[in-house]
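Worksheet: the structure to be examined is printed underneath.
Counting starts at 1 for both ligands and their atoms, following the listed order.
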Amino acid sequence: MRRKLAAGNWKMNGTGKSLAEVVEISKDYMTSNIDILICPPATLIERMARTAVDSAVAVGGQDCHAKPSGAHTGDISAEMLTDAGATHVILGHSERRADHGETDADVRAKTQAALAAGLVAVVCVGETEAQRDAGDTLAVVGAQLAGSLPDAGVTGGTVVVAYEPVWAIGTGRVPTLDQIAEVHDFLRTELVKRFGDAGERIRLLYGGSVKPDNAAEIFATSNVDGALVGGASLKATDFSAIIAALEAA
Ligand SMILES: O=C(CO)COP(=O)(O)O
């Protein structure tokens with residue numbers, strides 16, 4: 001059995017005031033039968049980790065550098081995330097791939113760095129609308145998956161894969177459940193081909209316009225082990241509703 005994971009990605013949103021939302025969620029979920037994760041901007045990691053201490057809420061980063069330290073102004077290493085209280089890190093999000101030109105090779109190097117620092121890597125893949133329209137979805141996500149994961153150290157406990165169609169992010173548009181199942185079943189097959197039993201244990205999250213009102217049906221879909229939630233993770237009431245839907249799934 002794969003343990004379910006409800007993950008929130010705050011992106012470039014949130015200041016100290018926003019920690020009030022985490023106080024709420026931590027109160028609601030002192031314990032849970034699923035894993036709960038919030039990835040705030042780096043400036044909030046340490047405070048959020050303190051806020052969520054003794055609750056079921058884990059804290060993660062949204063990116064890390066591939067090197068442990070050095071002359072890389074503005075960057076943050078995996079070790080620094082761990083030091084600040086993070087246990088997870090999102091890597092290869094489509095916004096980083098687009099805004100910062102991150103390639104699969106970059107994501108793979110970052111994933112290696114995250115694993116070396118003891119962080120769980122949440123590695124993102126997903127097609128653009130043009131790629132879907134061209135019938136290339138499985139080829140695109142398959143290539144991203146192959147290129148973004150290292151050969152060593154990948155287990156159900158160290159890596160999570162998130163499928164986030166770019167056209168569904170922040171748009172209110174969601175693939176059909178059949179489309180989600182098709183991609184998640186494909187990713188599962190690819191993971192098992194490459195990693196054997198470990199590939200069976202790697203959690204697969206869906207991300208892209210997950211809201212309280214569509215969460216339950218998405219969570220009932222084949223090979224969906226949870227969600228990576230953007231906008232709806234910023235409000236405690238919305239994110240709690242999504243957590244509750246996953247607990248009940
Ligand atoms: O990109 C996402 C999470 O990483 C999804 O964002 P939205 O839930 O706002 O569509």
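Of the residues Thr111, Val159, Val123, the one that meets the side chain to side chain contact (heavy atoms under 4.5 Å, CB included) test with Pro150 is Thr111. Test Leu37, Leu205, Leu204, Asp35 against Val160 for side chain to side chain contact (heavy atoms under 4.5 Å, CB included) and you get one pass: Leu205.
Defined by atom type and a distance below 3.5 Å, a donor-acceptor pair is missing between the side-chain atoms of Ser69 and Glu79. Gln131 and Thr128 form a side-chain donor-acceptor contact under 3.5 Å, judged by distance and modelled atom types alone. With 3.5 Å as the limit, one finds no donor-acceptor pair spanning the side chains of His93 and Gln62.
Heavy-atom separations between Ala232 and ligand 1 are all 4.0 Å or longer. The closest approach between Ala168 and ligand 1 falls below 4.0 Å for a heavy atom of the residue. Not a single heavy atom of Gly207 sits under 4.0 Å from any atom of ligand 1. Within the structure, the closest approach of Lys211 to ligand 1 does not fall below 4.0 Å when heavy atoms are considered.
In the vicinity of Gly208, heavy-atom distances shorter than 4.0 Å reach the ligand 1 atoms 5 (C), 10 (O).
Contacts between Leu228 and ligand 1 below 4.0 angstrom, taking non-hydrogen atoms only, involve backbone and side chain alike. The proximity of Ser233 to ligand 1, defined as any non-hydrogen pair under 4.0 Å, does not occur for either the backbone or the side chain.
Distance from atom 5 (C) of ligand 1 to its nearest protein heavy atom, with residue and atom name: Gly230 N, 3.7 Å. Nearest to atom 9 (O) of ligand 1 among the protein's heavy atoms is Gly231 N, 2.8 Å. The protein non-hydrogen atom at the shortest distance from atom 2 (C) of ligand 1 is Glu164 OE2, 3.2 Å.
Looking only at side-chain heavy atoms (C-beta outward), Val22 and Trp10 come within less than 4.5 Å of each other.
Polar contact with ligand 1: absent for Ile169 (N/O pair, distance under 3.5 Å). Here's the thing with Glu95: none of its N/O atoms is less than 3.5 angstrom from an N/O atom of ligand 1. Checked by distance only, ligand 1 and Thr171 stay at 3.5 Å or farther apart across all their nitrogen or oxygen atoms.
The minimum heavy-atom distance between Ala78 and Ala114, with the atom names listed, is CB-CA, 3.9 Å.
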### Task
Would you sort out whether Asp104 and Arg97 count as a side-chain contact (heavy atoms from CB on, under 4.5 Å), showing the intermediate values?
CA-CA 9 Å; Asp104 292 336; Arg97 291 178 188 261; 2.5 Å; yes
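Listed for the Arg194 side chain is a donor-acceptor partner under 3.5 Å among the backbone atoms of Leu149.
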